[in-house]
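Contents: one structure, followed by commentary.
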Protein chains: 2
Amino acid sequence: MDLFVSKYINKIDKKGRVSLPSSFRNVLPKANRNEIILYKSIKTPSIEGCGVGRLKEIAKRINNLDFFSEDYDDFSTSIFSEIITTNIDKEGRFLIPEELKLYAGIKNEAAFFGQGHYFQIWEPKKGLKNTEDSRRRLLKEKKSLRMMLTQHK
Amino acid sequence: MDLFVSKYINKIDKKGRVSLPSSFRNVLPKANRNEIILYKSIKTPSIEGCGVGRLKEIAKRINNLDFFSEDYDDFSTSIFSEIITTNIDKEGRFLIPEELKLYAGIKNEAAFFGQGHYFQIWEPKKGLKNTEDSRRRLLKEKKSLRMMLTQHK
DNA sequence: CATATACCCATTGACGCCCATATAATCCCA
DNA sequence: TGGGATTATATGGGCGTCAATGGGTATATG
């Protein structure tokens, strides 16, 4: 599976280390399996992460915004200048920078949420609540959710 | 046959393993025959499952949404983080995650119901009752439908 | 030299792989 | 076509491996 899926809650030890879930590590390209990038989520108090290869895709997305819009500047500033690269040790653990932990309100536990081509790291309770909220929003528009899930072709 | 059809009731052993019915295994593509995805059914207290190919298609669809919209996040959270991938061992067995067993009320036995492009896993009694209920609903509708169509003057 | 971080080793529990058996399904040949 | 032989499926259990976690120590970096 080459997508970040499912959710995991891992502990952060005294040294600040936390295991990237094994299934997430396997999504990273064999070449750069010991490096990920992290940045603040724009829309939620969470951290987003992915392999370094994904950067190009993000750049493309931002490039597709209207160059003269405020959004363009805001997104490109918020994302690119805030990106932090982090190394993964032999045991599959990494350090979450203090600033990002503060932003997400993370202390002793980190909840990892698969998001397909990237993942989010939440303070566990906040993360679970966010999942519920977002499911509730979607259920209001049953049509669109069904559209996503049902078999086409 | 490349569809999930028929129903089976299998036992869950001490280790939590359960056999995916052989005919279901044969539906999975030879390439990814040792991996399936599971998720909570939206409308019923049951687990739905299918091969990973279906997931990749959903990923493609979500990826086509506006990257910066709220819908994008809602979909990717509700779908990717709720999906669980599980491996099928050499004997054709897999583990149902505890959270999903709770959701479906499954303990020692699991009932598999073919649904065409996907399948459902139920607590046996609930599953059989659901089958009866939905058949009853169908018959009722048919009756009123026939009434609509045949009652002239 | 002090703090942070990487590497090494250890522990525990979960999971995958292997082997075994019983029952059911299929085959094959006289 | 009957019936024994072979294969497949569902199920049970032993055991090695790996993932998550904890801690000691070396190394780097200012």
Side-chain angles (χ1 to χ4, degrees), chain A residues 1 4-28 30 32-38 49 52 84-102 106-114 119 121-124 127, chain B residues 1 4-28 30 32-38 49 52 84-102 106-114 119 121-124 127:
Chain A
M1 174 59 56
F4 299 103
V5 296
S6 195
K7 67 166 181 279
Y8 307 85
I9 299 181
N10 289 344
K11 291 177 184 172
I12 299 177
D13 69 19
K14 295 176 196 168
K15 298 181 177 180
R17 297 174 300 188
V18 62
S19 291
L20 185 68
S22 166
S23 81
F24 284 17
R25 298 201 293 269
N26 291 330
V27 177
L28 304 174
K30 328 87 212 138
N32 293 67
R33 189 152 284 187
N34 54 350
E35 195 178 15
I36 55 174
I37 66 174
L38 301 174
V52 293
I84 296 172
T85 71
T86 302
N87 292 329
I88 298 177
D89 72 16
K90 297 273 172 78
E91 283 75 34
R93 295 176 288 193
F94 67 101
L95 299 169
I96 305 178
E98 208 51 44
E99 185 192 350
L100 295 183
K101 276 201 274 190
L102 275 176
I106 290 172
K107 287 186 287 188
N108 301 315
E109 287 189 320
F112 293 82
F113 290 84
F119 57 88
I121 310 175
W122 287 77
E123 188 285 320
Chain B
M1 172 61 62
F4 299 105
V5 295
S6 192
K7 73 167 183 278
Y8 307 85
I9 298 182
N10 289 344
K11 290 179 186 173
I12 298 177
D13 69 18
K14 294 176 197 168
K15 295 182 176 181
R17 297 175 299 189
V18 62
S19 290
L20 184 69
S22 165
S23 81
F24 284 16
R25 298 201 294 269
N26 291 329
V27 177
L28 304 175
K30 327 85 212 138
N32 293 69
R33 187 151 286 187
N34 54 349
E35 199 177 24
I36 56 174
I37 66 174
L38 301 174
V52 295
I84 292 170
T85 69
T86 184
N87 293 327
I88 299 178
D89 71 16
K90 297 272 171 82
E91 283 75 34
R93 295 173 290 192
F94 67 100
L95 297 171
I96 305 178
E98 208 52 44
E99 185 190 350
L100 295 184
K101 277 200 274 191
L102 275 176
I106 290 172
K107 287 187 287 189
N108 301 316
E109 286 188 323
F112 294 81
F113 292 86
F119 58 88
I121 310 175
W122 286 76
E123 189 284 319

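In this text, all values refer to a predicted model and were calculated from it rather than measured experimentally. The chains referred to below are lettered A, B, ... by the order of the sequence lines, with proteins before strands, and numbering in each begins at 1.
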Exercise for review: Determine, using ring centers only, whether A/Phe119 and A/Phe24 are less than 6.0 Å apart.
Suggested key: yes
Practice item. Rounded off to whole Å, could you give me the OH-to-P distance for the B/Tyr8 and D/dT9 pair? Key: 11 Å
Check your understanding: Hey, does B/Lys15 reach any base, or is it just sugar-phosphate, or nothing, if we go heavy atoms under 4.0 Å?
Key -> base
Review point. Just checking A/Leu20: base, sugar-phosphate only, or nothing, at a heavy-atom cut-off of under 4.0 Å?
Key: sugar-phosphate
Practice item. State whether B/Arg25 places a side-chain N or O below 4.0 Å from either non-bridging phosphate oxygen (OP1 or OP2) of D/dA10. Key: yes
Review point. Can you tell me how far C1' of D/dA28 sits from CG of A/Asn87, to the nearest Å?
Key: 14 Å
Exercise for review: Specify the separation, in whole Å, of atom CZ of A/Arg17 and atom P of D/dG24.
Suggested key: 11 Å
**Study point:** Note, A/Leu38 side chain near A/Ile121 side chain (heavy atom, < 4.5 Å)
**Key:** yes
Exercise for review: With a 4.0 angstrom cut-off to heavy atoms of chain A, pull out the first and last contacting nucleotide of DNA chain C, in 5'-to-3' order.
Suggested key: C/dT5 to C/dC9
Check your understanding: Quick one: on DNA chain C, does A/Lys90 or B/Glu91 contact a more 5' nucleotide (nearest heavy atom)?
Key -> A/Lys90
**Study point:** Under 3.5 Å donor-acceptor, B/Asp13 side chain and B/Gly16 backbone
**Key:** yes
Point to revise | Out of D/dA20, D/dG12, D/dA10, whichever nucleotide has its closest atom nearest the side chain of B/Asp13 | key: D/dG12
Practice item. Could you please spell out the steps behind the salt bridge (Lys or Arg N to Asp or Glu O under 4.0 Å) verdict for B/Glu99 and A/Lys7? Key: CA-CA 11 Å; B/Glu99 185 190 350; A/Lys7 67 166 181 279; 3.4 Å; yes
Exercise for review: Under 4.0 Å between any heavy atoms, over every strand shown, what does A/Ser22 touch: base, sugar-phosphate, or nothing? Just pick one.
Suggested key: sugar-phosphate
Study note, to complete from the structure: note: B/Asp89, atom CG; D/dG14, atom C1'; distance rounded to Å ~ 14 Å
Review point. Toward the 5' end of DNA chain D, which comes first, B/Ile9 or A/Val18, by nearest nucleotide?
Key: B/Ile9
Check your understanding: Between atom CZ in A/Arg93 and atom P in D/dG24, what is the gap in whole Å?
Key -> 13 Å
Review point. Counting side-chain heavy atoms from CB outward, which of D/dA10, D/dG22, D/dA20 is closest to A/Ser19?
Key: D/dA20
Check your understanding: Which nucleotide in the list D/dG13, D/dG22, D/dA20 gets nearest to the side chain of A/Lys11?
Key -> D/dG22
Revision key, fill the gap. Between its two end axes (five pairs each) the helix from C/dC1-D/dG30 to C/dA30-D/dT1 turns, nearest 10 degrees, through 50°
Point to revise | Residues in ring pair (Phe, Tyr, Trp, His ring centres under 6.0 Å) contact with A/Phe112, at least two apart in sequence or another chain | key: none
Practice item. Answer yes or no: does atom NZ of A/Lys101 have more than 12 heavy-atom neighbours from other residues, nucleotides or ligands under 6.0 Å? Key: yes
Review point. Counting N and O atoms only, with roles assigned by atom type, does the side chain of A/Asp89 sit under 3.5 Å from a partner on the main chain of A/Gly92, one being a donor and the other an acceptor?
Key: yes
Review point. Is it the case that A/Tyr8 and A/Ser22 place a side-chain donor and acceptor less than 3.5 Å from each other?
Key: no
Exercise for review: For residues B/Thr86 and B/Ile36, determine if any side-chain heavy atom of one lies less than 4.5 Å from a side-chain heavy atom of the other.
Suggested key: yes
